[in-house]
Number of protein chains: 2
Amino acid sequence: MNDSIQKRSNSIGVRLKEARKLAGLSQGQVANMLGLHRPSVSEIESGNRRVSAEELHRLCDIYDVSLDWVVGKASGSISPDDPRLELAARELSKLNPDDLNRLLHVIAAMRSDKDSGEGNT
Amino acid sequence: MNDSIQKRSNSIGVRLKEARKLAGLSQGQVANMLGLHRPSVSEIESGNRRVSAEELHRLCDIYDVSLDWVVGKASGSISPDDPRLELAARELSKLNPDDLNRLLHVIAAMRSDKDSGEGNT
DNA sequence: CTAAAATGTAAGATATTCTTACCAGATGTA
DNA sequence: TACATCTGGTAAGAATATCTTACATTTTAG
């Protein structure tokens, strides 16, 4: 039936993909930075190719995310509802104070947009 | 002379070996725990075989050392010191998925730019 | 010194990764 | 709409790495 191809559990790949997109990079750009071909990056993200420790290290630097997070090591963690929430929270810690302030306003605006007139039980 | 065998820069292997000895484990024991053959562990430590991200993760747990240390990362520190960070995280958890997506883009835009290279094969 | 345990290494078998190419979806433009 | 471009997924044979077993060397303990 299945002849030797193994799908990996993946979560690292998914996180790497999330992180790449957040960094605003294409697979091709990342491939160039790592000295890989684009399909390799694609396979890594889909869990069809393993990431070596060195590659992982470089990717974390490029995306500016922590090794622990990418590998799924439980860190304090905020809330487990949406996987992207974790990432977003992590990204927040990298903003400078001014940006963080602006962001708080953006968040506030988003919320009042939607539930204007709601009372919060 | 040398036909296609590549020696890796290694430092990860050296650290893993160091960590293993500190943990008081033999290569054989570690190999069993990881479901590998002993020679594979030997090759990893000597830098003749790559360590995958998952293997690295498990090894770090077994040896009780941090990922950052093993890969030689300058002890990175994300400081959760800023009280506003917590507030922002709390706010994030209240957003709906769409807003969260939009927010991720806002954050990405805020991030001072990364390099841009070119792309597709 | 000897025995046992641990580690290093060789070689063919097996599996993964690379490389190139092509395809489809998305996006922007005239 | 039609067209060009960018992006990401995947296939297939070639290239390379890893596995597995066996044996050699080193280390440790008695």
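Source: prediction; values computed, not measured. Chain naming here is simple, since letters A, B, ... match the order of the sequence lines and numbering starts at 1 in each.
- Among C:dG8, D:dG8, D:dT20, the nucleotide with an atom closest to any side-chain atom of B:Ser40 is D:dT20.
- Which of D:dG8, C:dG8, C:dC18 sits closest to the side chain of A:Leu36 comes down to C:dC18.
- Residue-level contact check: B:Ser26 touches the backbone only, with heavy atoms under 4.0 Å from sugar-phosphate atoms and none from bases.
- Distance from the side chain of B:Arg49 is smallest for D:dC19 among the nucleotides C:dG8, D:dC19, C:dC18.
- Counting non-hydrogen atoms under 4.0 angstrom, B:Arg50 reaches the backbone sugars and phosphates but no base.
- Under a 4.0 Å N-O distance rule, the pair A:Glu54/B:Arg8 does not qualify as a salt bridge.
- Atom-to-atom, CZ of B:Arg20 to C1' of C:dT7 comes out at 8 Å; the value is rounded to the nearest Å.
- Here the nucleotide nearest the side chain of B:Pro39, chosen from C:dA21, D:dT7, D:dT20, is D:dT20.
- For D:dG9, one of the phosphate oxygens OP1 or OP2 lies less than 4.0 angstrom from a side-chain nitrogen or oxygen of A:Ser42.
- Contacts of A:Lys17 with the nucleic acid, taken as non-hydrogen atoms under 4.0 Å apart, involve only primed sugar atoms and P, OP1 or OP2.
- Between B:Met33 and B:Leu25 there is a side-chain heavy-atom pair separated by less than 4.5 Å.
- Protein atom CG of A:Leu34 is 17 Å distant from nucleotide atom C1' of C:dT19, rounded to whole Å.
- Contact annotation: the side chain of A:Leu59 never approaches that of A:Val70 to less than 4.5 Å [non-hydrogen atoms, C-beta and beyond].
- With D:dG8, C:dT7, D:dT20 as the candidates, the nucleotide lying closest to the side chain of A:Arg38 is D:dG8.
- The phosphate of D:dG9 (OP1 or OP2) has a side-chain N or O of A:Gln27 nearer than 4.0 angstrom.
- Spacing between atom NE2 of A:His37 and atom C1' of D:dG13 amounts to 15 Å, rounded to whole angstrom units.
- In this structure, the side chains of B:Leu56 and A:Leu67 stay at 4.5 Å or more apart for every pair of heavy atoms.
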